Amino acid sequence: MSLDVEKIRRDFPILSRTFAGKPLVYLDSAATSHKPSVVIEAEADFYRLHNANAHRGIYTLGEEATEAFEQARATIAGFLGATDPARLVFTRGTTEAINLVALGWARPRLGSGDVIVLTEMEHHSNIVPWQLAANATGATLRYIGLTDDGRLDLPANLGSLFDDRTKVLAVTAVSNALGTINDVRALADAAHGAGAIVVVDGAQAAPHMPIDVDAIGADFFAFSGHKMLGPTASGGLIGTRERLEEMEPVFGGGDMIREVFRDHSTWNDVPFRFEAGTMQVAQQVGLARAVRYLQALGMQDVRAHEAELTRYAIDRLDAAGARVFGPESTTIHGGAVAFSYRDVHPHDLAQILNEDAVCIRAGHHCAQLVMRRYGTPATSRASFSVFNTLEEIDVLVDAVQKAGEVFAV
Ligand code: PLP
């Protein structure tokens with residue numbers, strides 16, 4: 001194992017919980033991850049010692065709050081490869097970040113005949129905002145399909161996916177429903193070649209692997225703090241300076257303005273013009289602490305650990321007779337393993353697993369296009385984080401087999 005998991009597990013207080021005498025086996029970090037004590041303490045310390053509204057009070061306490069918030073911005077932006085902190089707009093997470101781009105950048109620019117390219121493996125939060133934008137502007141949506149083994153079905157010449165009417169490519173770096181890791185850079189180069197911008201859904205990538213937003217060619221990169229050991233309602237949108245300057249404000253209110261007149265206003269600088277009203281100060285401070293925790297583990301090692309868990313899970317589930325979705329190779333399969341088992345409905349399976357305190361997700365995973373593509377209404381999904389062990393996967397597979405017996409016809 002590339003990480004000292006026993007030591008890591010002691011950092012997560014919730015892992016000491018038991019359910020009906022059984023230790024918690026949490027395999028749902030793709031939905032939301034648990035938080036180490038240092039993150040819980042960082043958020044509590046902010047409230048305990050530094051709480052005031054950011055960017056408002058000129059008293060010392062207010063300056064401390066502002067400083068903590070802006071320091072968090074620099075830490076989080078730097079973690080994702082943006083050395084200029086002003087490139088990070090804080091949001092409540094990925095959904096809000098993608099909606100911000102669709103509303104603030106795309107809608108004012110798109111018109112009839114323009115094209116938004118998506119993929120069939122997108123989470124609904126990287127589909128529906130684009131449908132709304134298309135409906136409002138007359139633009140059309142075009143989808144990149146999927147192969148039987150859960151990869152993007154790409155032509156040899158990626159340039160053929162885009163033409164001069166393509167304005168946006170919106171693509172996930174890692175699929176939450178299939179685990180697939182996409183070669184975003186190759187797609188981004190082709191999209192840029194046609195003059196389109198590239199919006200990357202980084203919700204399942206930022207927690208699990210080293211990310212450099214510029215190296216992957218993202219004009220915009222959206223991520224959720226609560227999936228990367230941070231508090232709920234933390235996360236953000238990283239953009240290039242150029243694209244952020246082009247983007248219109250979406251929410252109006254306090255702090256996003258420079259001057260307000262009776263009939264119009266002028267805007268504050270990027271990124272503040274996109275941060276109307278009181279922000280998630282304590283949560284983003286907590287996320288910065290989560291980022292420092294991940295940095296101390298080393299993102300290469302985090303990725304290696306989760307790849308080992310994924311390999312083991314795929315092999316054991318295969319051997320147990322489950323149908324595993326997504327790529328076979330863990331070089332392109334991140335730490336989310338979706339599967340179905342015999343004729344057991346995923347909800348029944350999840351319920352039986354709960355009797356052994358095993359938490360997995362069952363359903364369409366907010367990716368109904370994926371479910372349609374593979375002809376199933378739902379799958380079961382085990383997803384991993386830094387605190388998971390091979391033994392927990394044994395517990396999972398044993399419980400899955402037990403469920404198979406319960407529901408055998
Ligand atoms: N995109 C992907 C790939 C996801 O997995 C998720 C959440 O599961 C989201 C977007 C939405 O994230 P949030 O609910 O944090 O906004």
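Atoms within each ligand, like the ligands themselves, are counted from 1 in listed order. Fair warning: this is a prediction, and the values are worked out from it, not measured in the lab.
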Should the proximity of Glu122 to ligand 1, defined as any heavy atom under 4.0 Å, be assigned to the side chain, the backbone, both, or neither? neither
Should the ring pair Phe12 and Tyr293 be called parallel, tilted or perpendicular, given that the plane angle runs from 0 to 90° and is split at 30 and 60? perpendicular
Residue-ligand contact His365/ligand 1, heavy atom below 4.0 Å: no
With atom 13 (P) of ligand 1 as the reference point, say which of Gly93, Ser224, Ala173 has the nearest heavy atom. Ser224
How far does CZ of Phe384 sit from OH of Tyr312, to the nearest 0.5 angstrom? 11.0 Å
Could you tell me whether His226 and ligand 1 have an N or O pair separated by under 3.5 Å? yes
Consider ligand 1: state whether an atom of it lies below 4.0 angstrom from any non-hydrogen atom of Lys227. yes
Which residue supplies the protein heavy atom nearest to atom 5 (O) of ligand 1, what is that atom called, and how far is it? Gln204 NE2, 2.6 Å
Parallel, tilted or perpendicular for Phe69 and His55, by the 30°/60° rule? perpendicular
Is the cationic atom of Arg109 (NZ for Lys, CZ for Arg) positioned less than 6.0 Å from the six-membered ring centroid of Trp105 and within 45 degrees of its normal? yes
Separation of Leu178 CG from Arg373 CZ (nearest 0.5 Å): 9.5 Å
Looking at atom 1 (N) of ligand 1, what's its closest protein heavy atom, distance included? Asp201 OD2, 2.5 Å
Quick one: ring pair (Phe, Tyr, Trp, His ring centres under 6.0 Å) partners of Tyr374, sequence neighbours excluded? none
Assess Asn126 for proximity to ligand 1: is some non-hydrogen atom of it under 4.0 Å away? no
Which residue and heavy atom of the protein sit nearest atom 4 (C) of ligand 1, plus the separation: His123 CD2, 3.3 Å
Can you sort out the partners of Asp212 under salt bridge (charged side-chain N to carboxylate O under 4.0 Å, His left out), two or more places apart, ordered by chain and number? none
Starting from atom 16 (O) of ligand 1, find the nearest protein heavy-atom neighbour and note its residue, name and distance. Thr95 OG1, 2.5 Å
Nearest protein heavy atom with distance in Å, relative to atom 10 (C) of ligand 1: Ser125 OG, 3.1 Å
Classify the ring geometry of His347 against His345: parallel below 30°, tilted from 30° to 60°, perpendicular beyond 60°. parallel
